[in-house]
Amino acid sequence: MGGLFKFIGDVFKPILTIVVTIFLGAFLLSVFWPAADAWIIGHVPAWERLSPAILQVREWLGIHQPEPDPWWMFWRND
């Protein structure tokens with residue numbers, strides 16, 4: 001029976017490694033590139049539940065979103 005568990009573990013280790021790598025890559029992409037975050041949320045709606053974690057990591061790293069211009073500055077072209 002021990003050989004069966006070792007075999008199953010050997011089969012799932014690479015799959016788990018790939019899944020974790022993709023998840024962490026997507027998380028880092030979401031932290032550093034807000035457009036990618038919006039794209040991921042568009043394709044995986046459950047990803048939106050990670051927004052507080054993404055915002056916290058951005059705060060820790062000092063990455064702040066530029067604030068939009070007020071509505072009355074519609075003519076500004078900077």
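- Separation of atoms OG (S51) and CD1 (I41) is listed at 4.5 Å; rounding is to 0.5 Å.
- Residues satisfying the ring-ring contact (aromatic ring centres under 6.0 Å, His included) test with W39, not counting sequence neighbours, are H43.
- Residues L29 and V20 are members of separate hydrophobic clusters, defined by side-chain heavy-atom contacts under 4.5 angstrom among Ile, Leu, Val, Met, Phe, Trp and Tyr.
- In the hydrophobic clustering of ILVMFWY residues, with side-chain heavy atoms under 4.5 Å counting as a link, L24 and V19 come out apart.
- Side-chain atoms of R58 never come within 3.5 Å of backbone atoms of I63 as a donor-acceptor pair (strictly under, hydrogens ignored).
- Note on I15: it does not cluster hydrophobically with I22, by side-chain heavy-atom contacts below 4.5 Å among ILVMFWY residues.
- Note on residues 12-24: no pairs pass side chain to side chain donor-acceptor pair (under 3.5 Å), not counting sequence neighbours.
- More than 12 heavy atoms of other residues, nucleotides or ligands lie within 6.0 Å of CD in Q56, so this atom counts as buried by the packing criterion.
- At a threshold of 4.5 Å between side-chain heavy atoms, the hydrophobic network of Ile, Leu, Val, Met, Phe, Trp and Tyr places L50 and W60 in one connected group.
- Both F32 and F27 sit in one connected hydrophobic cluster of ILVMFWY residues. Membership requires side-chain heavy atoms under 4.5 Å apart, directly or through other members.
- Between I40 atom CD1 and I54 atom CD1 the span is 7.5 Å, to the nearest 0.5 Å.
- Nearest heavy atom pair, residue S30 against residue W47, reads OG-NE1, 3.2 Å.
- Applying the side-chain hydrogen bond (donor to acceptor under 3.5 Å, both in side chains) rule to K6 yields the partners D10; only residues at least two apart in sequence or on another chain are considered.
- Summarising the geometry, atom CZ belonging to F23 is positioned 10.0 Å from atom CG belonging to L28; distances are rounded to the nearest 0.5 Å.
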